4 protein chains.
Amino acid sequence: MHRVNAEMKSCIEECLRCYQTCLSTAMGHCLEIGDQHTEPKHFSLIMACAEICRTSAHVMLIGSELHKRTCRLCAEICAQCAADCERIGEMKDCVDACRHCAESCQKMAA
Amino acid sequence: MHRVNAEMKSCIEECLRCYQTCLSTAMGHCLEIGDQHTEPKHFSLIMACAEICRTSAHVMLIGSELHKRTCRLCAEICAQCAADCERIGEMKDCVDACRHCAESCQKMAA
Amino acid sequence: MHRVNAEMKSCIEECLRCYQTCLSTAMGHCLEIGDQHTEPKHFSLIMACAEICRTSAHVMLIGSELHKRTCRLCAEICAQCAADCERIGEMKDCVDACRHCAESCQKMAA
Amino acid sequence: MHRVNAEMKSCIEECLRCYQTCLSTAMGHCLEIGDQHTEPKHFSLIMACAEICRTSAHVMLIGSELHKRTCRLCAEICAQCAADCERIGEMKDCVDACRHCAESCQKMAA
(Lines give C-alpha, C1' and ligand atoms only; values in the text may rest on other atoms or scores of the structure.)
Protein backbone atom coordinates (compact mmCIF):
# COMPACT_ATOMS: atom_id res chain seq x y z
CA MET A 1 0.00 0.00 0.00
CA HIS A 2 1.10 3.52 -0.78
CA ARG A 3 3.06 5.28 1.96
CA VAL A 4 1.95 2.97 4.71
CA ASN A 5 4.90 1.82 6.83
CA ALA A 6 5.23 -1.69 8.28
CA GLU A 7 3.97 -0.82 11.75
CA MET A 8 0.88 0.92 10.41
CA LYS A 9 0.24 -1.88 7.93
CA SER A 10 0.25 -4.33 10.82
CA CYS A 11 -2.14 -2.15 12.84
CA ILE A 12 -4.55 -1.89 9.87
CA GLU A 13 -4.49 -5.70 9.64
CA GLU A 14 -5.25 -6.08 13.37
CA CYS A 15 -8.12 -3.59 13.16
CA LEU A 16 -9.67 -5.34 10.16
CA ARG A 17 -9.21 -8.75 11.79
CA CYS A 18 -10.90 -7.54 14.98
CA TYR A 19 -13.70 -5.94 12.93
CA GLN A 20 -14.30 -9.25 11.12
CA THR A 21 -14.20 -11.31 14.30
CA CYS A 22 -16.52 -9.01 16.29
CA LEU A 23 -19.07 -8.70 13.48
CA SER A 24 -19.17 -12.39 12.58
CA THR A 25 -19.25 -13.43 16.25
CA ALA A 26 -22.17 -11.11 17.00
CA MET A 27 -24.19 -12.03 13.92
CA GLY A 28 -23.33 -15.75 14.01
CA HIS A 29 -22.45 -17.03 17.47
CA CYS A 30 -24.32 -14.50 19.68
CA LEU A 31 -27.58 -14.42 17.72
CA GLU A 32 -27.66 -18.21 17.60
CA ILE A 33 -27.04 -18.75 21.32
CA GLY A 34 -29.17 -15.84 22.54
CA ASP A 35 -29.59 -15.37 26.31
CA GLN A 36 -26.68 -13.33 27.73
CA HIS A 37 -25.16 -13.15 24.26
CA THR A 38 -27.99 -10.97 22.93
CA GLU A 39 -28.51 -8.85 26.01
CA PRO A 40 -28.39 -5.28 24.62
CA LYS A 41 -25.43 -4.25 26.77
CA HIS A 42 -23.18 -6.98 25.36
CA PHE A 43 -24.50 -7.07 21.81
CA SER A 44 -24.28 -3.30 21.34
CA LEU A 45 -20.72 -3.29 22.72
CA ILE A 46 -19.46 -5.94 20.30
CA MET A 47 -21.20 -4.19 17.37
CA ALA A 48 -19.76 -0.79 18.39
CA CYS A 49 -16.32 -2.41 18.70
CA ALA A 50 -16.63 -3.77 15.14
CA GLU A 51 -17.54 -0.27 13.89
CA ILE A 52 -14.70 1.59 15.64
CA CYS A 53 -12.17 -1.01 14.40
CA ARG A 54 -13.46 -0.54 10.84
CA THR A 55 -13.11 3.24 11.20
CA SER A 56 -9.69 3.06 12.82
CA ALA A 57 -8.39 1.11 9.80
CA HIS A 58 -10.12 3.57 7.45
CA VAL A 59 -8.49 6.66 8.97
CA MET A 60 -5.03 5.03 8.68
CA LEU A 61 -5.72 4.14 5.04
CA ILE A 62 -6.84 7.72 4.34
CA GLY A 63 -3.39 8.83 5.50
CA SER A 64 -4.65 11.28 8.09
CA GLU A 65 -2.58 12.29 11.12
CA LEU A 66 -5.80 11.93 13.08
CA HIS A 67 -5.21 8.17 13.13
CA LYS A 68 -3.46 8.54 16.49
CA ARG A 69 -6.72 9.65 18.07
CA THR A 70 -8.93 7.06 16.40
CA CYS A 71 -6.37 4.37 17.34
CA ARG A 72 -6.41 5.51 20.98
CA LEU A 73 -10.21 5.28 21.14
CA CYS A 74 -10.13 1.93 19.33
CA ALA A 75 -7.66 0.55 21.89
CA GLU A 76 -9.94 1.57 24.78
CA ILE A 77 -13.07 0.08 23.24
CA CYS A 78 -11.33 -3.16 22.23
CA ALA A 79 -10.08 -3.61 25.80
CA GLN A 80 -13.62 -3.14 27.09
CA CYS A 81 -15.06 -5.55 24.51
CA ALA A 82 -12.42 -8.20 25.35
CA ALA A 83 -13.34 -7.97 29.04
CA ASP A 84 -17.07 -8.31 28.34
CA CYS A 85 -16.59 -11.27 25.97
CA GLU A 86 -14.45 -12.94 28.64
CA ARG A 87 -17.11 -12.32 31.30
CA ILE A 88 -19.80 -14.04 29.20
CA GLY A 89 -17.49 -16.80 27.97
CA GLU A 90 -17.32 -19.02 24.88
CA MET A 91 -15.85 -16.21 22.78
CA LYS A 92 -12.11 -16.84 22.94
CA ASP A 93 -11.49 -15.79 19.30
CA CYS A 94 -13.13 -12.47 19.97
CA VAL A 95 -11.22 -11.90 23.22
CA ASP A 96 -7.92 -12.61 21.43
CA ALA A 97 -8.68 -10.42 18.40
CA CYS A 98 -9.73 -7.52 20.65
CA ARG A 99 -6.59 -7.82 22.82
CA HIS A 100 -4.22 -7.94 19.84
CA CYS A 101 -5.97 -4.98 18.24
CA ALA A 102 -5.90 -2.98 21.48
CA GLU A 103 -2.18 -3.59 21.84
CA SER A 104 -1.40 -2.62 18.25
CA CYS A 105 -3.59 0.51 18.39
CA GLN A 106 -2.02 1.55 21.70
CA LYS A 107 1.38 1.57 20.01
CA MET A 108 0.13 3.58 17.04
CA ALA A 109 -1.48 6.11 19.38
CA ALA A 110 1.71 6.67 21.37
CA MET B 1 -36.55 5.74 16.02
CA HIS B 2 -36.63 3.21 18.81
CA ARG B 3 -35.45 4.48 22.19
CA VAL B 4 -33.61 7.46 20.84
CA ASN B 5 -34.45 10.60 22.80
CA ALA B 6 -34.84 14.04 21.21
CA GLU B 7 -31.36 15.27 22.06
CA MET B 8 -29.70 12.18 20.63
CA LYS B 9 -31.92 12.26 17.56
CA SER B 10 -30.77 15.81 16.92
CA CYS B 11 -27.11 14.83 17.36
CA ILE B 12 -27.48 11.93 14.91
CA GLU B 13 -28.95 14.38 12.39
CA GLU B 14 -26.05 16.81 12.86
CA CYS B 15 -23.48 14.01 12.45
CA LEU B 16 -25.12 12.74 9.25
CA ARG B 17 -25.44 16.29 7.89
CA CYS B 18 -21.76 16.97 8.57
CA TYR B 19 -20.81 13.61 7.03
CA GLN B 20 -22.76 14.48 3.88
CA THR B 21 -21.34 18.00 3.65
CA CYS B 22 -17.72 16.95 4.20
CA LEU B 23 -17.87 14.05 1.74
CA SER B 24 -19.66 15.95 -1.04
CA THR B 25 -17.45 19.03 -0.54
CA ALA B 26 -14.26 16.95 -0.78
CA MET B 27 -15.37 14.89 -3.78
CA GLY B 28 -17.11 17.78 -5.59
CA HIS B 29 -15.74 21.21 -4.68
CA CYS B 30 -12.18 20.28 -3.57
CA LEU B 31 -11.37 17.87 -6.41
CA GLU B 32 -12.66 20.36 -8.98
CA ILE B 33 -10.70 23.36 -7.66
CA GLY B 34 -7.52 21.44 -6.82
CA ASP B 35 -4.52 23.44 -5.55
CA GLN B 36 -4.74 23.94 -1.76
CA HIS B 37 -8.05 22.04 -1.75
CA THR B 38 -6.39 18.76 -2.74
CA GLU B 39 -3.23 19.14 -0.69
CA PRO B 40 -3.09 15.83 1.26
CA LYS B 41 -3.18 17.53 4.68
CA HIS B 42 -6.51 19.23 3.96
CA PHE B 43 -8.11 16.53 1.83
CA SER B 44 -7.32 13.73 4.28
CA LEU B 45 -8.67 15.82 7.18
CA ILE B 46 -12.02 16.48 5.52
CA MET B 47 -12.32 12.79 4.51
CA ALA B 48 -11.43 11.62 8.03
CA CYS B 49 -13.99 14.06 9.44
CA ALA B 50 -16.67 12.58 7.17
CA GLU B 51 -15.76 9.09 8.41
CA ILE B 52 -15.81 9.89 12.13
CA CYS B 53 -19.16 11.72 11.77
CA ARG B 54 -20.59 8.64 10.01
CA THR B 55 -19.30 6.43 12.83
CA SER B 56 -20.48 8.74 15.60
CA ALA B 57 -24.04 8.54 14.22
CA HIS B 58 -23.69 4.76 13.86
CA VAL B 59 -22.68 4.19 17.49
CA MET B 60 -25.65 6.26 18.69
CA LEU B 61 -28.00 4.27 16.44
CA ILE B 62 -26.56 0.99 17.77
CA GLY B 63 -27.63 2.15 21.24
CA SER B 64 -24.22 1.74 22.83
CA GLU B 65 -23.16 3.73 25.88
CA LEU B 66 -19.84 4.16 24.11
CA HIS B 67 -21.45 6.95 22.08
CA LYS B 68 -20.15 9.48 24.62
CA ARG B 69 -16.59 8.65 23.64
CA THR B 70 -17.18 8.59 19.88
CA CYS B 71 -19.09 11.90 20.20
CA ARG B 72 -16.20 13.48 22.12
CA LEU B 73 -13.71 12.46 19.43
CA CYS B 74 -16.12 13.60 16.70
CA ALA B 75 -16.43 17.03 18.34
CA GLU B 76 -12.63 17.45 18.39
CA ILE B 77 -12.14 16.42 14.79
CA CYS B 78 -15.05 18.55 13.52
CA ALA B 79 -13.57 21.61 15.26
CA GLN B 80 -10.23 20.94 13.58
CA CYS B 81 -11.88 20.42 10.19
CA ALA B 82 -13.89 23.66 10.53
CA ALA B 83 -10.69 25.60 11.26
CA ASP B 84 -8.87 24.12 8.26
CA CYS B 85 -11.79 24.76 5.88
CA GLU B 86 -11.91 28.37 7.14
CA ARG B 87 -8.16 28.77 6.60
CA ILE B 88 -8.44 27.68 2.96
CA GLY B 89 -11.70 29.55 2.34
CA GLU B 90 -14.67 29.10 -0.02
CA MET B 91 -16.11 26.30 2.12
CA LYS B 92 -18.64 28.09 4.33
CA ASP B 93 -21.18 25.22 4.24
CA CYS B 94 -18.55 22.82 5.51
CA VAL B 95 -17.37 25.19 8.24
CA ASP B 96 -20.96 25.63 9.44
CA ALA B 97 -21.82 21.91 9.36
CA CYS B 98 -18.64 21.04 11.27
CA ARG B 99 -19.27 23.71 13.94
CA HIS B 100 -22.89 22.63 14.48
CA CYS B 101 -21.87 19.00 14.69
CA ALA B 102 -19.02 19.77 17.10
CA GLU B 103 -21.39 21.67 19.38
CA SER B 104 -24.03 18.93 19.36
CA CYS B 105 -21.47 16.15 19.94
CA GLN B 106 -19.86 18.12 22.76
CA LYS B 107 -23.22 18.16 24.57
CA MET B 108 -23.77 14.43 24.03
CA ALA B 109 -20.28 13.67 25.37
CA ALA B 110 -20.82 15.66 28.57
CA MET C 1 -24.30 20.05 -1.15
CA HIS C 2 -21.97 20.48 -4.09
CA ARG C 3 -23.36 19.41 -7.47
CA VAL C 4 -26.11 17.29 -6.04
CA ASN C 5 -29.44 18.01 -7.73
CA ALA C 6 -32.78 18.04 -5.91
CA GLU C 7 -33.81 14.52 -6.92
CA MET C 8 -30.52 13.01 -5.80
CA LYS C 9 -30.55 15.04 -2.58
CA SER C 10 -33.97 13.58 -1.82
CA CYS C 11 -32.75 10.04 -2.56
CA ILE C 12 -29.73 10.49 -0.27
CA GLU C 13 -32.12 11.61 2.49
CA GLU C 14 -34.35 8.56 1.98
CA CYS C 15 -31.36 6.21 2.05
CA LEU C 16 -30.00 7.74 5.26
CA ARG C 17 -33.46 7.70 6.86
CA CYS C 18 -33.91 4.03 5.98
CA TYR C 19 -30.39 3.25 7.25
CA GLN C 20 -31.20 4.93 10.57
CA THR C 21 -34.58 3.23 10.92
CA CYS C 22 -33.30 -0.26 10.06
CA LEU C 23 -30.27 -0.03 12.34
CA SER C 24 -32.12 1.43 15.35
CA THR C 25 -35.04 -0.98 14.89
CA ALA C 26 -32.74 -4.00 14.79
CA MET C 27 -30.57 -2.92 17.73
CA GLY C 28 -33.45 -1.54 19.82
CA HIS C 29 -36.83 -3.11 19.03
CA CYS C 30 -35.70 -6.51 17.65
CA LEU C 31 -33.05 -7.28 20.27
CA GLU C 32 -35.46 -6.37 23.05
CA ILE C 33 -38.39 -8.46 21.79
CA GLY C 34 -36.32 -11.44 20.65
CA ASP C 35 -38.16 -14.50 19.30
CA GLN C 36 -38.92 -14.08 15.58
CA HIS C 37 -37.28 -10.65 15.67
CA THR C 38 -33.83 -12.09 16.33
CA GLU C 39 -34.11 -15.13 14.10
CA PRO C 40 -30.92 -14.91 11.97
CA LYS C 41 -32.85 -14.74 8.66
CA HIS C 42 -34.74 -11.59 9.69
CA PHE C 43 -32.03 -9.93 11.77
CA SER C 44 -29.34 -10.35 9.09
CA LEU C 45 -31.71 -8.99 6.42
CA ILE C 46 -32.50 -5.80 8.34
CA MET C 47 -28.79 -5.29 9.15
CA ALA C 48 -27.80 -5.87 5.51
CA CYS C 49 -30.51 -3.42 4.43
CA ALA C 50 -29.08 -0.77 6.78
CA GLU C 51 -25.61 -1.34 5.27
CA ILE C 52 -26.67 -1.14 1.61
CA CYS C 53 -28.70 2.03 2.30
CA ARG C 54 -25.64 3.59 3.95
CA THR C 55 -23.53 2.66 0.94
CA SER C 56 -26.09 3.81 -1.60
CA ALA C 57 -26.07 7.29 0.00
CA HIS C 58 -22.25 7.22 0.10
CA VAL C 59 -21.84 6.48 -3.62
CA MET C 60 -24.20 9.35 -4.50
CA LEU C 61 -22.25 11.71 -2.22
CA ILE C 62 -18.97 10.60 -3.84
CA GLY C 63 -20.43 11.79 -7.15
CA SER C 64 -19.87 8.53 -8.97
CA GLU C 65 -21.95 7.50 -11.97
CA LEU C 66 -22.04 4.06 -10.40
CA HIS C 67 -24.81 5.32 -8.11
CA LYS C 68 -27.39 3.99 -10.57
CA ARG C 69 -26.23 0.45 -9.88
CA THR C 70 -25.98 0.81 -6.10
CA CYS C 71 -29.43 2.47 -6.09
CA ARG C 72 -30.90 -0.41 -8.10
CA LEU C 73 -29.54 -2.97 -5.64
CA CYS C 74 -30.68 -0.83 -2.70
CA ALA C 75 -34.23 -0.70 -4.10
CA GLU C 76 -34.36 -4.50 -4.39
CA ILE C 77 -33.06 -5.12 -0.88
CA CYS C 78 -35.32 -2.46 0.70
CA ALA C 79 -38.37 -4.06 -0.95
CA GLN C 80 -37.33 -7.44 0.47
CA CYS C 81 -36.73 -5.98 3.94
CA ALA C 82 -40.12 -4.19 3.91
CA ALA C 83 -41.86 -7.49 3.08
CA ASP C 84 -40.06 -9.36 5.86
CA CYS C 85 -40.76 -6.65 8.47
CA GLU C 86 -44.44 -6.73 7.45
CA ARG C 87 -44.52 -10.54 7.76
CA ILE C 88 -43.22 -10.40 11.33
CA GLY C 89 -45.27 -7.34 12.29
CA GLU C 90 -44.90 -4.50 14.79
CA MET C 91 -42.37 -2.72 12.58
CA LYS C 92 -44.48 -0.19 10.68
CA ASP C 93 -41.80 2.55 10.75
CA CYS C 94 -39.31 0.19 9.18
CA VAL C 95 -41.76 -1.00 6.52
CA ASP C 96 -42.52 2.63 5.58
CA ALA C 97 -38.90 3.76 5.50
CA CYS C 98 -37.92 0.77 3.33
CA ARG C 99 -40.81 1.37 0.89
CA HIS C 100 -40.04 5.07 0.51
CA CYS C 101 -36.35 4.35 0.01
CA ALA C 102 -37.06 1.61 -2.53
CA GLU C 103 -39.28 3.96 -4.53
CA SER C 104 -36.75 6.79 -4.50
CA CYS C 105 -33.82 4.49 -5.42
CA GLN C 106 -35.85 2.93 -8.22
CA LYS C 107 -36.25 6.37 -9.80
CA MET C 108 -32.53 7.17 -9.45
CA ALA C 109 -31.63 3.83 -11.04
CA ALA C 110 -33.84 4.42 -14.07
CA MET D 1 -14.88 -16.80 12.02
CA HIS D 2 -18.22 -18.22 12.93
CA ARG D 3 -19.99 -20.18 10.18
CA VAL D 4 -17.96 -18.72 7.38
CA ASN D 5 -16.73 -21.43 5.01
CA ALA D 6 -13.30 -21.39 3.35
CA GLU D 7 -14.50 -19.99 0.02
CA MET D 8 -16.37 -17.14 1.67
CA LYS D 9 -13.47 -16.44 4.03
CA SER D 10 -11.23 -16.08 0.99
CA CYS D 11 -13.71 -13.75 -0.71
CA ILE D 12 -13.95 -11.54 2.39
CA GLU D 13 -10.15 -11.32 2.40
CA GLU D 14 -10.07 -10.31 -1.29
CA CYS D 15 -12.74 -7.66 -0.74
CA LEU D 16 -10.92 -6.17 2.24
CA ARG D 17 -7.60 -6.26 0.38
CA CYS D 18 -9.13 -4.48 -2.61
CA TYR D 19 -10.80 -1.94 -0.29
CA GLN D 20 -7.43 -1.21 1.34
CA THR D 21 -5.59 -0.94 -1.95
CA CYS D 22 -8.16 1.31 -3.63
CA LEU D 23 -8.49 3.66 -0.67
CA SER D 24 -4.76 3.99 0.03
CA THR D 25 -3.97 4.36 -3.70
CA ALA D 26 -6.55 7.13 -4.12
CA MET D 27 -5.59 9.03 -0.96
CA GLY D 28 -1.83 8.48 -1.34
CA HIS D 29 -0.69 7.91 -4.93
CA CYS D 30 -3.51 9.69 -6.84
CA LEU D 31 -3.71 12.83 -4.67
CA GLU D 32 0.08 13.20 -4.79
CA ILE D 33 0.41 12.84 -8.56
CA GLY D 34 -2.71 14.80 -9.45
CA ASP D 35 -3.45 15.40 -13.16
CA GLN D 36 -5.36 12.43 -14.64
CA HIS D 37 -5.23 10.71 -11.25
CA THR D 38 -7.50 13.28 -9.60
CA GLU D 39 -9.86 13.82 -12.52
CA PRO D 40 -13.30 13.33 -10.91
CA LYS D 41 -14.26 10.43 -13.19
CA HIS D 42 -11.27 8.32 -12.11
CA PHE D 43 -11.06 9.43 -8.49
CA SER D 44 -14.76 8.89 -7.81
CA LEU D 45 -14.60 5.43 -9.43
CA ILE D 46 -11.72 4.24 -7.27
CA MET D 47 -13.39 5.64 -4.12
CA ALA D 48 -16.73 4.01 -5.02
CA CYS D 49 -14.89 0.73 -5.65
CA ALA D 50 -13.33 0.94 -2.17
CA GLU D 51 -16.78 1.49 -0.66
CA ILE D 52 -18.54 -1.38 -2.46
CA CYS D 53 -15.69 -3.77 -1.55
CA ARG D 54 -16.02 -2.73 2.10
CA THR D 55 -19.77 -3.35 1.93
CA SER D 56 -19.46 -6.64 0.10
CA ALA D 57 -17.22 -7.96 2.90
CA HIS D 58 -19.64 -6.58 5.51
CA VAL D 59 -22.69 -8.35 4.06
CA MET D 60 -20.80 -11.68 4.04
CA LEU D 61 -19.72 -11.15 7.66
CA ILE D 62 -23.33 -10.36 8.64
CA GLY D 63 -24.24 -13.80 7.33
CA SER D 64 -26.94 -12.57 4.97
CA GLU D 65 -27.99 -14.52 1.90
CA LEU D 66 -28.01 -11.17 0.11
CA HIS D 67 -24.23 -11.47 -0.20
CA LYS D 68 -24.69 -13.02 -3.63
CA ARG D 69 -26.15 -9.78 -4.93
CA THR D 70 -23.61 -7.49 -3.28
CA CYS D 71 -20.81 -9.77 -4.54
CA ARG D 72 -22.18 -9.59 -8.10
CA LEU D 73 -22.25 -5.79 -8.02
CA CYS D 74 -18.79 -5.72 -6.43
CA ALA D 75 -17.40 -7.91 -9.22
CA GLU D 76 -18.77 -5.55 -11.89
CA ILE D 77 -17.44 -2.41 -10.24
CA CYS D 78 -14.01 -3.96 -9.55
CA ALA D 79 -13.70 -4.94 -13.22
CA GLN D 80 -14.52 -1.38 -14.25
CA CYS D 81 -12.05 0.09 -11.73
CA ALA D 82 -9.28 -2.27 -12.90
CA ALA D 83 -9.81 -1.15 -16.49
CA ASP D 84 -9.71 2.53 -15.57
CA CYS D 85 -6.57 2.15 -13.43
CA GLU D 86 -4.91 0.31 -16.33
CA ARG D 87 -5.90 3.07 -18.78
CA ILE D 88 -4.26 5.75 -16.60
CA GLY D 89 -1.26 3.59 -15.70
CA GLU D 90 1.17 3.41 -12.76
CA MET D 91 -1.39 1.60 -10.59
CA LYS D 92 -0.50 -2.06 -11.04
CA ASP D 93 -1.25 -2.98 -7.40
CA CYS D 94 -4.73 -1.58 -7.73
CA VAL D 95 -5.36 -3.32 -11.06
CA ASP D 96 -4.28 -6.64 -9.55
CA ALA D 97 -6.33 -6.25 -6.35
CA CYS D 98 -9.44 -5.31 -8.35
CA ARG D 99 -9.04 -8.28 -10.73
CA HIS D 100 -8.55 -10.79 -7.92
CA CYS D 101 -11.52 -9.39 -6.02
CA ALA D 102 -13.72 -9.41 -9.14
CA GLU D 103 -12.86 -13.04 -9.78
CA SER D 104 -13.53 -14.12 -6.21
CA CYS D 105 -16.82 -12.17 -6.01
CA GLN D 106 -17.94 -13.60 -9.34
CA LYS D 107 -17.61 -17.10 -7.91
CA MET D 108 -19.51 -16.20 -4.73
CA ALA D 109 -22.31 -14.66 -6.79
CA ALA D 110 -22.75 -17.75 -8.94
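In what follows, every chain begins at residue 1, and chains take the letters A, B, ... in the order their sequences are listed. Remember, predicted model here, so these are calculated numbers, not experimental data.
- Remark: C:His58 NE2 to B:Met27 CE distance equals 8.0 Å, nearest 0.5 Å.
- The CE atom of B:Met60 lies 11.5 Å from the CG atom of C:Leu23; values are rounded to the nearest 0.5 Å.
- Heavy-atom minimum distance, C:Tyr19 versus B:Arg54: OH-O, 4.3 Å.
- The distance from the CD atom of C:Glu13 to the CG atom of B:Leu16 is 9.0 Å, given to the nearest 0.5 Å.
- Atom NZ of C:Lys107 has 12 or fewer neighbouring heavy atoms from other residues, nucleotides or ligands inside a 6.0 Å radius.
- Other residues, nucleotides and ligands place more than 12 heavy atoms under 6.0 Å from the CD atom of B:Gln36.
- Atom CD1 of B:Ile62 sits about 10.5 Å away from atom CG of C:Leu31, to the nearest 0.5 Å.
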